[in-house]
Amino acid sequence: MALIVLAADKGAPGVTTAATALGAVWPRPVLLAECDPSGGDLAYRLPGEDGGVLNPGRGLLSLGAVARRGLRADLIFEHTQRLVGGLDVLTGLTNAEQAAGLTWLWGPLGRSLAALPGADVLADCGRLGPHPQMNDLIAEADEVVLFTRASLDHVAHLRERLTLLGRPACVVVIADPRAYRASIEEVRRIVSGWDVKLVGGLAHDPKGAELLRGQWGGRLDRSLLIRTARDLAGRLVAQLAAEAAANAAPGGQGRTAGAPVPAPRRGPGPGPGPVRGARS
């Protein structure tokens with residue numbers, strides 16, 4: 001399976017919402033791991049499978065306590081919880097101070113997430129930059145997905161981050177539905193010539209984001225957020241599959257690893273199946 005890092009640069013919004021939406025519709029078994037050293041809020045934002053609150057002490061914090069004796073991929077699911085709707089999550093740190101004692105963790109965590117049996121991992125890494133130790137986790141990722149808005153300042157930060165990243169990445173535009181395709185095409189034009197595998201989109205949909213906080217079901221499934229997340233998830237999984245096939249081909253024949261994969265459809269549109277959880 002694969003480790004997919006989801007992140008943004010200065011000022012770029014919505015990584016946690018995007019990560020949760022992608023996890024809800026991911027077409028393969030998946031774990032959402034909250035890996036932001038600045039602290040996360042999944043434990044307080046989303047209800048658990050039974051409708052109650054998640055335990056903020058069970059997740060990355062409890063995993064870090066046992067990982068000093070050695071971290072194996074099969075230990076990770078002992079520290080996960082399940083959201084309403086069925087998505088498995090590894091909740092993150094609750095504040096930045098906790099990260100000060102865990103600077104050693106990110107490399108071993110990246111290697112373990114990349115080797116997790118039976119599931120892809122969507123790693124919500126928040127905003128890149130303030131925590132250079134995150135480079136150890138990013139180095140283990142099969143894909144890096146950077147989120148941006150279509151505004152000039154956000155795209156300028158994106159281009160700087162692409163330069164600093166030093167590896168191919170995917171770009172996702174958080175786009176106003178009224179100018180959805182135009183926003184994506186504008187960002188695609190600006191980053192052309194840079195080391196970008198694909199440029200996709202996710203609708204800026206505050207109502208859909210509110211539904212994602214607990215009201216899972218038919219209304220959420222029809223939201224622009226979920227419809228565009230399903231399209232994006234399909235493209236990312238197709239990208240991963242193409243790269244895996246290219247890497248497995250004798251002599252590296254076939255599609256070049258990292259080459260863009262065509263979108264299965266363009267723009268927001270309903271996809272098959274309901275919003276569902278990660279593992280049965």
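Predicted model only: the values in this text are computed from it and were never measured.
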**Q** List in chain and number order the residues that pass salt bridge (charged side-chain N to carboxylate O under 4.0 Å, His left out) with Asp50, two or more places apart in sequence or in another chain; answer none if no residue qualifies.
**A** none

**Q** Honestly curious: do Trp104 and Leu60 fall in one hydrophobic cluster under the side-chain, below-4.5 Å linking rule?
**A** yes

**Q** Report the residues that fulfil side-chain hydrogen bond (donor to acceptor under 3.5 Å, both in side chains) with Thr17, sequence neighbours left out, ordered by chain and then residue number.
**A** Arg45

**Q** For Leu122 and Ala19, which heavy atoms make the closest approach, and how far apart are they?
**A** CD1-O, 4.0 Å

**Q** Can you sort out the partners of Asp195 under side-chain contact (heavy atoms from CB on, under 4.5 Å), two or more places apart, ordered by chain and number?
**A** Pro168

**Q** Can you tell me which residue among Leu116, Leu87, Leu3 is in a side-chain contact (heavy atoms from CB on, under 4.5 Å) with Leu31?
**A** Leu116

**Q** Would you mind reporting whether Leu146 and Leu128 have side-chain heavy atoms less than 4.5 Å apart?
**A** yes

**Q** Just list the side-chain donor-acceptor pairs under 3.5 Å for residues 61-71, sequence neighbours left out, or say none.
**A**
| unit_1 | atom_1 | unit_2 | atom_2 | d |
| --- | --- | --- | --- | --- |
| Ser62 | OG | Gly59 | N | 3.0 |
| Ser62 | OG | Gly59 | O | 3.0 |
| Ser62 | OG | His79 | ND1 | 2.8 |
| Arg68 | NH2 | Gly101 | O | 3.0 |

**Q** Quick check: is Leu162 connected to Val173 through a chain of hydrophobic side chains (ILVMFWY, heavy atoms under 4.5 Å apart)?
**A** yes

**Q** Given side chains that start at C-beta, do those of Asp36 and Thr16 come closer than 4.5 Å, heavy atoms only?
**A** no

**Q** Mind checking whether Val121 and Leu90 have side chains closer than 4.5 Å, heavy atoms only?
**A** no

**Q** Would you sort out whether Lys207 and Glu210 count as a salt bridge (charged side-chain N to carboxylate O under 4.0 Å, His left out), showing the intermediate values?
**A** CA-CA 5 Å; Lys207 290 183 179 179; Glu210 284 300 314; over 6 Å; no

**Q** May I ask you to decide if Leu224's main-chain N or O and Asp205's side chain share a donor-acceptor pair within less than 3.5 Å?
**A** yes

**Q** Which residue pairs satisfy the salt bridge (Lys or Arg N to Asp or Glu O under 4.0 Å) criterion with at least one member in residues 154-169, sequence neighbours excluded?
**A** Asp9-Arg161

**Q** Check whether any side-chain N or O of Gln81 sits under 3.5 Å from a backbone N or O of Arg58 as a donor-acceptor pair, and report yes or no.
**A** yes

**Q** Could you pull out all residues at least two apart from Arg188 that satisfy side-chain contact (heavy atoms from CB on, under 4.5 Å)?
**A** Ile184, Glu185, Val199, Arg235

**Q** Report the residues that fulfil side-chain contact (heavy atoms from CB on, under 4.5 Å) with Thr94, sequence neighbours left out, ordered by chain and then residue number.
**A** Tyr44, Pro56, Gln98

**Q** Going by heavy atoms in the side chains, are Thr20 and Leu42 under 4.5 Å from each other?
**A** yes

**Q** Could you tell me which residues satisfy side-chain hydrogen bond (donor to acceptor under 3.5 Å, both in side chains) with Glu34, sequence neighbours excluded, listed by chain and number?
**A** none

**Q** Write down the atom of Arg227, the atom of Asp221, and the distance for their closest heavy-atom approach.
**A** CG-O, 4.0 Å

**Q** Is there side-chain contact between Thr228 and Tyr180, with at least one heavy-atom pair below 4.5 Å?
**A** yes

**Q** If the condition is side-chain hydrogen bond (donor to acceptor under 3.5 Å, both in side chains), which residues does Asn95 pass it with, not counting sequence neighbours?
**A** none

**Q** Enumerate the side chain to side chain donor-acceptor pair (under 3.5 Å) contacts for residues 111-121, please, sequence neighbours excluded, ordered by first and then second residue.
**A** Trp26-Asp120, Arg28-Asp120

**Q** What I'd like to find out is whether the side chain of Val84 reaches to under 4.5 Å of the side chain of Glu49, using heavy atoms alone.
**A** no

**Q** When you compare the side chain of Ile226 with that of Leu211, does any pair of heavy atoms fall below 4.5 Å?
**A** no

**Q** For Ala18, what residues pass the side-chain contact (heavy atoms from CB on, under 4.5 Å) criterion, not counting sequence neighbours?
**A** Phe147, Leu202

**Q** Throw together a table of side-chain donor-acceptor distances under 3.5 angstrom for residues 133-141, partners on residues two or more places apart or in other chains.
**A**
| unit_1 | atom_1 | unit_2 | atom_2 | d |
| --- | --- | --- | --- | --- |
| Asn135 | ND2 | Pro132 | O | 3.2 |

